[in-house]
Amino acid sequence: MKPYVYLAKPVPEEVENYIAEHCSYDKWEGSEPIPRSELLQKLGQAEGLLITGEKIDDELLDHAPNLKVVSNISVGYNNFDTDAMKRRNIIGTNTPDVLNETVADLALALMLSAARRVPELDKLVKDGKWEKKSDEPLFGVDVHGKTLGIIGMGRIGEAIGRRAKFGFNMDILYHNRHRKMETEKELDASYVSQEELLQKSDFVLLMVPFTEETKHLMGREQFAQMKKSAIFINTSRGQTVDEGALTEALQNGKILAAGLDVFDQEPVSPDNPLLELPNVVTLPHIGSATYQTRFDMAMLAVENLVAAVTGKEPASVVGELKGVLK
Ligand SMILES: NC(=O)C1=CN([C@@H]2O[C@H](COP(=O)(O)OP(=O)(O)OC[C@H]3O[C@@H](n4cnc5c(N)ncnc54)[C@H](OP(=O)(O)O)[C@@H]3O)[C@@H](O)[C@H]2O)C=CC1
Ligand SMILES: O=C(O)C(=O)CO
C-alpha cells in the first residue's frame, strides 16, 4: 500500500504527478492558505505533510500520530518547533540552493531600487509630475564601487556577494558566527565584527535565518551605528529587525533608505508607518517568487517528502533534525 501524505499547499501538476506515483494523498485546494482548524483535521492518517510556513508545533503534532516528515516549500524553517519534532522522531526538510540565484537577483533589485529611488520616481512620472526643471531633486546614490556589508553570508548571501563584486565592483564585508575562508578568497571579502560592518558599509544587507539569536538583530543601537548615507536591505525574515527602530532611523535621517522584502507581520498591516515613507521600497515577500524557482522548490520539497515516507534519506533534512527519523 502506498503511504498517505497530505498536501497543505497546492503544487504544479507535474509535481503532483510525482507524488501520485509514490503516495496516496489528499490536498488543500483553496486559494487562501489552509485554515489551521482544517489542517489539524487532515492529519490523523498522514505519514507526510507538505506545507509552506505553517507553524509546526506540539498542538499540530498531537493531531498527527503517524507523521514521519514535514516538508517545507521554503529554505527558512523558523516555522518548525524542532524540539517538538525531535521528541516525536519527526524530520523536517527544506528547499536550500534551488532559490539562491533568484533571491540574490531580488536583493540586488532592492539595492538598486532604493539607491536610485525607482518606485518613487516611477510614481512621479505616472502621476504627471515630471517637470522640465532641474532634476537634482530626483538624484539618487551610486551602487557600483560602494561597500556592501552582508550579515549572514550563507548560500544566498554568497550569490548576492558575487553579483555585487563581479557585477558592480563593490567591496564586500561580511559577518557570520563563523569565518568562510573560501568565500573571502573568491569575493576578496573581509570578515569583520557586526559593529565594524555597520559602521563601514554603504549598503547593509541582512540574510540570516530567523532564530532566537537573530531576533531583532537590527535595533536602535545598530541603526545608530550605520552611516547616515547608508541603505538597509532586509531579505531575511521580518522578525530579525525591530521595525519601530527602523522606522525611527528612516524618519530621523539616521540612515538614508531601506529596501524590504519581509515584515514582522505578513501580509504587512496597511497602517504600518514604514509604508508611509518615500525612502522605503517595499515588496510582499517575493524573494524566490519566479515561475521556475517556485517549481524547483516544490519539486525538491516533494522529493524530500516521498523519500522520507518510502524509507529513503531526503536530500535536505534541516540540520537540527538530521538522523531523528527511526
Ligand atoms: N525573502 C525571501 O523570499 C527569502 C528569505 N530567505 C531567508 O534567508 C535565510 C537564509 O537562507 P540561506 O542563505 O539559504 O541560509 P544559510 O544557512 O546558507 O545562510 C545563513 C547564514 O547566516 C549566518 N548566521 C546564522 N545565524 C547568525 C547569527 N546569529 N549572526 C550572524 N550570522 C548568522 C550563517 O553563518 P554562521 O552559521 O557562521 O553564523 C549563514 O552563513 C533563510 O533562513 C530565510 O529565512 C530565504 C529565501 C527567500
Ligand atoms: O524560502 C524561503 O525561506 C522564503 O522565504 C521564500 O522562498
Side-chain angles (χ1 to χ4, degrees), residues 9 33 50-54 71-80 82 92-111 149-163 172-184 187 189 191-198 204-219 222 233-241 258-264 266-268 281-301 304 316-320 322:
K9 173 87 183 170
L50 184 76
I51 55 159
T52 299
E54 276 77 14
S71 175
N72 216 18
I73 314 179
S74 90
V75 66
Y77 57 91
N78 47 287
N79 54 315
F80 286 171
T82 50
T93 63
N94 66 345
T95 59
D97 291 319
V98 292
L99 42 50
N100 293 349
E101 303 302 326
T102 296
V103 181
D105 286 349
L106 188 89
L108 265 291
L110 275 176
M111 286 168 61
I150 300 176
I151 304 179
M153 181 68 99
R155 293 170 291 236
I156 303 170
E158 284 177 14
I160 295 168
R162 276 182 211 111
R163 283 159 175 72
I172 313 292
L173 306 178
Y174 80 101
H175 181 72
N176 276 1
R177 291 166 303 177
H178 311 94
R179 279 184 77 163
K180 298 181 86 173
M181 304 311 282
E182 275 188 25
T183 309
E184 289 182 28
L187 302 181
Y191 180 77
V192 292
S193 67
Q194 184 175 298
E195 186 175 353
E196 187 176 345
L197 181 148
L198 294 172
V204 170
L205 188 143
L206 217 48
M207 208 63 251
V208 287
F210 172 47
T211 62
E212 276 170 29
E213 267 182 53
T214 61
K215 183 174 164 69
H216 287 190
L217 185 142
M218 289 297 295
Q222 288 71 31
I233 306 293
N234 190 11
T235 35
S236 64
R237 285 286 183 268
Q239 297 86 345
T240 57
V241 175
L260 308 172
D261 185 39
V262 287
F263 293 85
D264 198 352
E266 293 181 0
V268 67
V281 178
T282 58
L283 290 174
H285 197 150
I286 50 135
S288 64
T290 64
Y291 290 105
Q292 184 64 52
T293 292
R294 284 291 171 86
F295 178 90
D296 294 344
M297 289 165 69
M299 193 47 117
L300 175 55
N304 283 328
S316 42
V317 179
V318 306
E320 295 89 329
K322 280 196 201 307

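When reading the values below, keep in mind they use all heavy atoms of this one structure, side chains included, and skip hydrogens, waters and symmetry mates. All ligand and atom numbering here is 1-based and tracks the order in the structure.
- Near Pro209, with a cut-off below 4.0 Å to any heavy atom, the atoms of ligand 1 are 20 (C), 22 (O), 25 (C), 43 (O).
- Every atom of ligand 1 is numbered from 1 in the order shown, and the set under 4.0 Å from a heavy atom of Met153 is 41 (O).
- Judged by distance alone, with hydrogens and angles left aside, the side-chain atoms of Asn100 form no donor-acceptor pair with the main-chain N or O of Ala104 at under 3.5 Å.
- In this structure, Phe210 has no ring-ring contact (aromatic ring centres under 6.0 Å, His included) partners at least two apart in sequence or on a different chain.
- For ligand 1, one of its N or O atoms has an N or O atom of Glu213 under 3.5 Å away.
- Residue contacts with ligand 1: Ile286 is placed with no nitrogen or oxygen under 3.5 Å of a nitrogen or oxygen of the ligand (distance criterion only).
- When atom types are taken as modelled, the side chain of Glu266 and the backbone of Asp264 share no donor-acceptor pair closer than 3.5 angstrom.
- The backbone N or O of Glu54 sits less than 3.5 Å from a side-chain atom of Asn79, completing a donor-acceptor pair.
- Residues Tyr191 and Asn176 come closest through the heavy atom pair OH-O, 2.7 Å.
- Remark: minimum distance from atom 44 (C) of ligand 1 to any protein heavy atom is reached at Arg237 NH1, 3.6 Å.
- If you number the atoms of ligand 1 from 1 as listed, the ones under 4.0 Å from a heavy atom of His285 come out as 1 (N), 2 (C), 3 (O).
- Within 4.0 Å of ligand 2, contacts by protein heavy atoms are made from Ser74, Val75, Gly76, Leu99, Arg237, His285, Ser288, Met297.
- Separating the CD1 atom in Ile73 from the CG atom in Leu99 is a distance of 12.0 Å, to the nearest 0.5 Å.
- Under a 4.0 angstrom heavy-atom cut-off, Ser288 registers as being in contact with ligand 1.
- At a 4.0 Å heavy-atom cut-off, ligand 1 touches Met207 through backbone and side chain alike.
- Remark: His285 NE2 to Leu106 CG distance equals 10.0 Å, nearest 0.5 Å.
- In terms of the side chain to side chain donor-acceptor pair (under 3.5 Å) criterion, residue partners of Lys180 (sequence neighbours excluded) are, by chain and number, Glu158.
- Remark: ligand 1 atoms within the under-4.0 Å shell around heavy atoms of His178 are 36 (P), 37 (O), 38 (O).
- In this structure, the side chains of Leu187 and Arg162 come closer than 4.5 Å at one or more pairs of heavy atoms.
- Here Leu260 contributes atom CG and Leu283 contributes atom CG; the two are 8.5 Å apart, rounded to the nearest 0.5 Å.
- When hydrogens are left out, the protein atom nearest atom 40 (C) of ligand 1 is Gly154 CA, 3.9 Å; that is the closest non-hydrogen contact.
- Judged by distance alone, the side chain of Ser193 and the main-chain N or O of Glu196 form a donor-acceptor pair under 3.5 Å.
- The proximity of Val75 to ligand 1, defined as any non-hydrogen pair under 4.0 Å, is limited to the side chain.
- Annotation for ligand 1: atoms under 4.0 Å from non-hydrogen atoms of Thr235 are 1 (N), 2 (C), 4 (C), 5 (C), 6 (N).
- A side-chain donor-acceptor contact under 3.5 Å links Arg163 to the backbone of Glu101.
- Residue contacts with ligand 1, taken as heavy atom pairs separated by less than 4.0 Å, involve Arg155 via backbone and side-chain atoms alike.
- Shown here are the side chain to side chain donor-acceptor pair (under 3.5 Å) partners of Gln292, two or more places apart in sequence or in another chain: Asp296.
- The protein heavy-atom contact nearest to atom 24 (N) of ligand 1 is Val208 CG1, 3.9 Å.
- The nearest non-hydrogen atom to atom 7 (C) of ligand 1, considering only Gly76, Ser236, Gly319, comes from Ser236.
- Taking every non-hydrogen atom of Asp261 and a distance limit under 4.0 Å, the qualifying atoms of ligand 1 come out as 1 (N), 2 (C), 3 (O).
- When atom types are taken as modelled, the side chain of Asn94 and the backbone of Tyr77 share no donor-acceptor pair closer than 3.5 angstrom.
- Contact annotation for Arg177 and ligand 1: heavy atoms of both the backbone and the side chain come within less than 4.0 Å of the ligand.
- Nearest protein heavy-atom contact of atom 48 (C) of ligand 1 is Val103 CG2, 3.6 Å.
- No side-chain donor-acceptor contact under 3.5 Å links His175 to the backbone of Ile151.
- For atom 11 (O) of ligand 1, the closest heavy atom belonging to the protein is Ile156 CD1, 3.6 Å.
- Expressed to the nearest 0.5 Å, how far OG1 of Thr93 lies from CG of Asn72 amounts to 7.5 Å.
- Heavy atoms from both the backbone and the side chain of Asn176 come within less than 4.0 Å of ligand 1.
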